Amino acid sequence: MTTPQQSHQAPPSADDFLFGGGGAPSASFLTVGTTVSGRITERPTVQQQRDMKTGENKFWPDGNPAMQLVVTVQTDSRDPQLEEDDGQRRIFIKNQMKAAVADAVRAAGGRGLEVGGTLSITFTHELPPKQRGFNPLKQYSATYIPAATAALHIPDPGMQPSVPAPQQYAPPVQQQYAAAPPVAAPVQQYANPAVAALQAQQQAQAAAAPPPF
């Protein structure tokens, strides 16, 4: 005699139970290229997957429950149809998305998702279904920034960003150059005074001679 499978649905968080809410809206990855990104605001939880058509808990063929990781992030999205939408979205991480997130956490040197860390998931493409009649297999990429690193990017609201003072530049000094004195024509010196006297006499005679006709 087989025993019926029992539900492994995780209990709601203390805040959800206290206020009777169902948590933040679910993030949607409807079209290729969609990215959901934000700071993790709550401790991630693990819960059993539900069948989208019947709402029943899902199990693997071997009878083990099909689990998923639920992560709530603070996004910039706002749905005008949701009253008091604060931008928080729940991401249900399973299947190939789970592998992408795990790779992102390892690449960041983290040991797991933590409150304050930044998680970003992108719907990159689809693969054909392995069996006819099934939906295409969505493929995702993910990046993760640990909380300690993400905190370094949060500006302190009480601090004003320092703006460096503009550097003052002095105009270039124009160097004045004095004009060089004219160089006098060299005076030809003759070592022999007799030769100099003879040349002077010849020049005087040439000057006194009448002009030719």
Side-chain angles (χ1 to χ4, degrees), residues 2-13 15-16 21-79 81-82 85-147 149-150:
T2 60
T3 57
Q5 295 172 326
Q6 296 181 354
S7 171
H8 293 269
Q9 178 70 26
S13 67
D15 291 339
D16 289 342
S26 302
S28 299
F29 296 89
L30 300 180
T31 58
V32 173
T34 299
T35 297
V36 177
S37 179
R39 297 284 178 89
I40 299 175
T41 59
E42 300 178 7
R43 183 177 179 181
T45 60
V46 177
Q47 63 179 223
Q48 191 170 357
Q49 300 179 32
R50 287 181 175 272
D51 188 281
M52 297 297 294
K53 296 180 180 180
T54 65
E56 298 292 332
N57 291 330
K58 293 182 64 175
F59 294 87
W60 298 116
D62 60 2
N64 290 321
M67 308 303 291
Q68 62 187 353
L69 181 65
V70 184
V71 181
T72 303
V73 297
Q74 179 64 56
T75 72
D76 296 330
S77 301
R78 298 294 186 274
D79 188 345
Q81 297 182 354
L82 298 178
D85 184 5
D86 59 0
Q88 294 194 61
R89 296 292 184 269
R90 287 184 299 170
I91 305 177
F92 296 89
I93 301 175
K94 55 188 177 182
N95 303 332
Q96 190 273 333
M97 182 189 291
K98 175 178 175 290
V101 172
D103 290 343
V105 173
R106 283 192 288 265
R111 304 181 63 179
L113 299 176
E114 55 187 350
V115 176
T118 299
L119 179 63
S120 179
I121 300 177
T122 300
F123 175 20
T124 58
H125 62 287
E126 292 182 336
L127 295 178
K130 296 181 179 180
Q131 298 181 7
R132 182 176 299 177
F134 284 76
N135 294 326
L137 303 177
K138 291 185 175 182
Q139 303 295 298
Y140 300 88
S141 65
T143 58
Y144 178 68
I145 303 176
T149 305

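Here the structure is a predicted model, which means the values were calculated and not measured. Worth knowing before you read on, the calculation uses all heavy atoms, side chains too, and leaves out hydrogens, waters and symmetry mates.
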### Message
Let's go through Ile121 and Met97 carefully: what are the C-alpha distance in whole Å and the side-chain angles of both, what is the deciding distance for side chain to side chain contact (heavy atoms under 4.5 Å, CB included) to 0.1 Å, and is it a yes or a no?
### Response
CA-CA 8 Å; Ile121 300 177; Met97 182 189 291; 3.9 Å; yes

### Task
Keeping the roles fixed (side chain from Gln68, backbone from Asn95), state whether a donor-acceptor pair exists under 3.5 Å.
no

### Query
Closest approach of Ala142 and Ala100, non-hydrogen atoms and distance?
CB-O, 3.7 Å

### Spatial distance of atom CE (Met67) from atom CH2 (Trp60) [nearest 0.5 Å]
11.0 Å

### Task
Please assess Phe92 against Gln47 for the test side chain to side chain contact (heavy atoms under 4.5 Å, CB included), listing each intermediate value before the final yes or no.
CA-CA 9 Å; Phe92 296 89; Gln47 63 179 223; 3.7 Å; yes

### Query
If we only count heavy atoms from C-beta on, is the Lys98 to Leu69 side-chain gap below 4.5 Å?
no

### Task
Measure the shortest side-chain to side-chain distance between Gln49 and Lys94 over non-hydrogen atoms and say whether it is less than 4.5 angstrom.
yes

### Query
Within the distance-only criterion (no hydrogens, no angle test), does the side chain of Gln96 pair as donor or acceptor with the backbone N or O of Tyr140 below 3.5 angstrom?
yes

### Query
Would you call Arg43 and Glu114 a side-chain contact if the rule is heavy atoms closer than 4.5 Å?
no

### Query
To the nearest 0.5 Å, how far apart are NE2 in His125 and CD in Gln139?
4.5 Å

### Query
So do the side chains of Thr35 and Ser120 get within less than 4.5 Å of each other, counting heavy atoms only?
yes

### Query
Any side-chain heavy-atom pair from Tyr144 and Leu113 closer than 4.5 angstrom?
yes

### Query
When you look at Val73 and Arg90, which way does the side chain to side chain contact (heavy atoms under 4.5 Å, CB included) test go after all the steps?
CA-CA 6 Å; Val73 297; Arg90 287 184 299 170; over 6 Å; no

### Task
Rounded to the nearest 0.5 Å, what's the gap from CG on Leu82 to CZ on Arg78? Could you check?
11.0 Å

#### Entry: Row check, Phe29 ring normal vs Lys138 NZ/CZ: under 6.0 Å, within 45°
no

### Query
Looking only at atom types and distance, does a side-chain atom of Thr75 sit under 3.5 Å from a main-chain N or O of Ser77, one as donor and one as acceptor?
yes

### Any donor-acceptor pair under 3.5 Å from Ser28 side chain to Leu30 backbone
no

### Task
Identify the residue among Thr41, Asp79, Thr72, Val71 that makes a side chain to side chain contact (heavy atoms under 4.5 Å, CB included) with Arg89.
Asp79

### Message
With rounding to the nearest 0.5 angstrom, report the CD1 to CD distance, Ile40 to Gln88.
### Response
12.0 Å

### Minimum side-chain heavy-atom gap Leu119-Ile93 below 4.5 Å
yes

### Summary
Taking every heavy atom of Pro136 against every heavy atom of Pro129, the minimum-distance pair comes out as CA-CD, 4.0 Å

